[in-house]
Amino acid sequence: MTSHAWTRERCEALDVADPLGQVRDRFVVVPGEIYLDGNSLGALPRSVPARLAEVAEREWGVSLARSWGEGNWFAAPERVGDKIGSIIGARPGEVLVCDSTTIALIKLLGAALGARPGRNLVLTTSTNFPTDLYAAAGVAGLLADIEVRRVDPDAIVGSLDETVAVLYLTHVDFRTGEMLDLAGLTSEAHRAGALALWDLSHSAGAVVVGCETNGVDLAAGCGYKYLNGGPGAPAFLYVRREHQEIVANPMPGWLGHEAPFEFVPDYRPAHGVRRFLTSTPPILGLAALEAALDCRADVSSEQVRAKSVQLTELFIAALEERLPGAFDLASPRDPDRRGSQVSLRHPDAQAIVQALAERGVIGDFRPPDVCRLGFAALYLRYVDAFAAAEQLVTLMETGGFAGPT
Ligand SMILES: *Cc1c(COP(=O)(O)O)cnc(C)c1O
């Protein structure tokens, strides 16, 4: 992308040429709004309400318990998992949809610690998402001698040694959008003999992850952010094929049993990733998530990523052009180190986010001083990124964000 000035005309031309231009029509877009919060709750795909109604009325309402076989409910966690697998670069049979993100992380942490006996450290960052830190502390508290060490992202490699059982990181930072070097850090973890567990909540559906090629051991992430599965959508977990027969689910349940309908008192784990299933899967949530994944099945992660980089680049460049120095860019300026969001630091961040929302630009605020703007490439146009920058420029130039003093 060249650096000459950004104009609405230039953005309109990019929209006309955009290979993802038509995909926007598959989503419900609120008229007059530019939604830059798809990293918190992704937009509703148009196909989802009808699919939910069908599952409720026909599969649940009429077929009832027979749907466990007929409607393919039983296989849904793996079937939907494979659809996410193709987005995060996993092989078939490596991804399971179940539980919530935090629960999935707790399971995988327990599994990782069990697979590295004699090592007592969970290494993570102090910047990690709070739920990840709480989960790590909770798991460590249940086990004898396990400690959690939080370090600065810069200190990760230097902190890897023979005591580390699992390197536990979030790929794209929820606050700043900084993207860690997943391939490099995974191989550093392996050099130290540790497993790498990645939280992909802000990655799946937004950036190229490449679980298989990058050697990722374990991963989990949200269904409701860039995967558009709806509020509280079930999460996904990834277990590398080579590990599946040696890691144990620390929260075993009957549906992860090799033969659940034998109802035997002793647990025998199912083969493959299914052993990480604990409970009866949430079929309505799975149905919404599956319809959302189907509506993007013809779109590659590379395409999404390419457009997302252009959207964040143009937004940042337009601000730099028009409002130099007004904000501290909290996100990396280098797009290779940035996820699909732009975070701006400003002492009045909260008032700015609110005033932007009044102008139809929906972002969110993260304490203490971050305006967080997510760019979901499936349903945002180049003109939207441009118009959002224009709204922000006008707001700052007119001081229209000053709240009551
Ligand atoms: C959004 C997010 C979560 C969400 O956890 P839930 O259990 O789904 O509420 C977890 N980790 C990260 C990094 C997130 O951004």
Side-chain angles (χ1 to χ4, degrees), residues 35-43 77 80-81 84 87-88 95-110 112 122-139 148 150 153 156 166-180 182 185 196-207 209 211 216 218-238 250-251 276 278-279 281-282 284-286 288-289 292 308 330-331 338-343 363-367 370 372-376:
Y35 186 66
L36 303 183
D37 209 10
N39 52 335
S40 181
L41 178 63
V80 183
I84 294 176
I87 293 175
I88 61 170
V95 179
L96 188 75
V97 175
C98 60
D99 310 308
S100 64
T101 319
T102 308
I103 303 290
L105 290 167
I106 288 172
K107 286 179 169 181
L108 294 179
L109 265 174
V122 175
L123 182 63
T124 187
T125 59
S126 41
T127 53
N128 207 344
F129 188 74
T131 211
D132 299 63
L133 298 175
Y134 307 159
V139 171
V148 180
R150 305 176 192 170
I156 296 168
V166 51
L167 178 61
Y168 175 38
L169 300 172
T170 292
H171 184 211
V172 175
D173 185 283
F174 78 104
R175 198 179 269 117
T176 64
E178 177 172 6
M179 183 160 68
L180 296 180
L182 179 130
L185 290 167
L197 164 54
W198 289 93
D199 185 332
L200 302 177
S201 290
H202 284 274
S203 310
V207 305
V209 179
C211 283
V216 171
L218 304 161
C222 294
Y224 50 80
K225 290 173 178 168
Y226 292 105
L227 296 178
N228 306 91
F236 66 88
L237 60 79
Y238 163 89
M251 295 170 74
F276 279 88
T278 301
S279 302
L284 296 174
L286 274 158
L289 176 57
S308 142
S331 303
R338 187 173 70 229
S340 199
Q341 78 191 52
V342 176
S343 297
D364 62 19
F365 165 71
R366 286 293 175 266
V370 172
R372 193 174 73 149
L373 306 165
F375 291 81

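Just so you know, ligand 1 is whichever comes first in the structure, and atom 1 is the first atom listed for that ligand.
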- Between the side chain of Ser331 and the main-chain N/O of Ser343, is any donor-acceptor distance below 3.5 Å? yes
- side chain to side chain contact (heavy atoms under 4.5 Å, CB included) filter on Val172, not counting sequence neighbours, yields Met179, His202, Ser203
- Message: For ligand 1, which is the ligand I care about here, please tell me if Thr170 has any N or O atom under 3.5 Å from one of the ligand's N or O atoms.
- Response: no
- Gap separating the CG atom of Asp99 from the OG atom of Ser279, nearest 0.5 angstrom: 6.5 Å
- Message: Treating Gln341 as the side-chain partner and Asp37 as the backbone partner, does any N or O pair qualify as donor plus acceptor under 3.5 Å?
- Response: no
- So which bit of Thr102 gets within less than 4.0 Å of ligand 1, heavy atoms only: side chain, backbone, both or neither? both
- Message: Quick check against the 3.5 Å criterion: does Thr170 have a side-chain atom that pairs as donor or acceptor with the backbone of Asn128?
- Response: no
- Note on the structure: Quick look: Asp132 vs ligand 1, heavy-atom contacts under 4.0 Å, and the answer is side chain
- Task: Would you please name every residue forming a salt bridge (Lys or Arg N to Asp or Glu O under 4.0 Å) with Arg366, sequence neighbours left out?
- Result: Asp364
- Look at atom 5 (O) of ligand 1 and find which of Val172, Thr101, Asp173 reaches it with the closest heavy atom. Thr101
- Task: Determine whether the side chains of Thr102 and Ser100 contain a donor N or O and an acceptor N or O closer than 3.5 Å.
- Result: no
- Is the shortest N/O to N/O distance between His202 and ligand 1 below 3.5 Å? yes
- Note on the structure: re atom 15 (O) of ligand 1, the protein heavy-atom contact at minimum distance is Lys225 NZ, 2.6 Å
- Between the main-chain N or O of Gly221 and the side-chain N or O of Ser201, is there a donor-acceptor pair closer than 3.5 Å? no
- Query: Do any heavy atoms of Cys222 fall under 4.0 Å from ligand 1?
  - Reply: yes
- Should you measure from each heavy atom of Tyr224, which atoms of ligand 1 turn up under 4.0 Å away? 1 (C), 4 (C), 5 (O), 6 (P), 8 (O), 9 (O)
- Taking only heavy atoms of Ser201, which atoms of ligand 1 are found under 4.0 Å from at least one of them? 2 (C), 3 (C), 10 (C), 11 (N), 12 (C), 13 (C), 14 (C), 15 (O)
- atom 11 (N) of ligand 1: nearest protein contact (heavy atom, Å): Asp199 OD2, 2.8 Å
- Query: Considering only heavy atoms of Thr131, which atoms of ligand 1 have at least one such atom less than 4.0 Å away?
  - Reply: 10 (C), 11 (N)
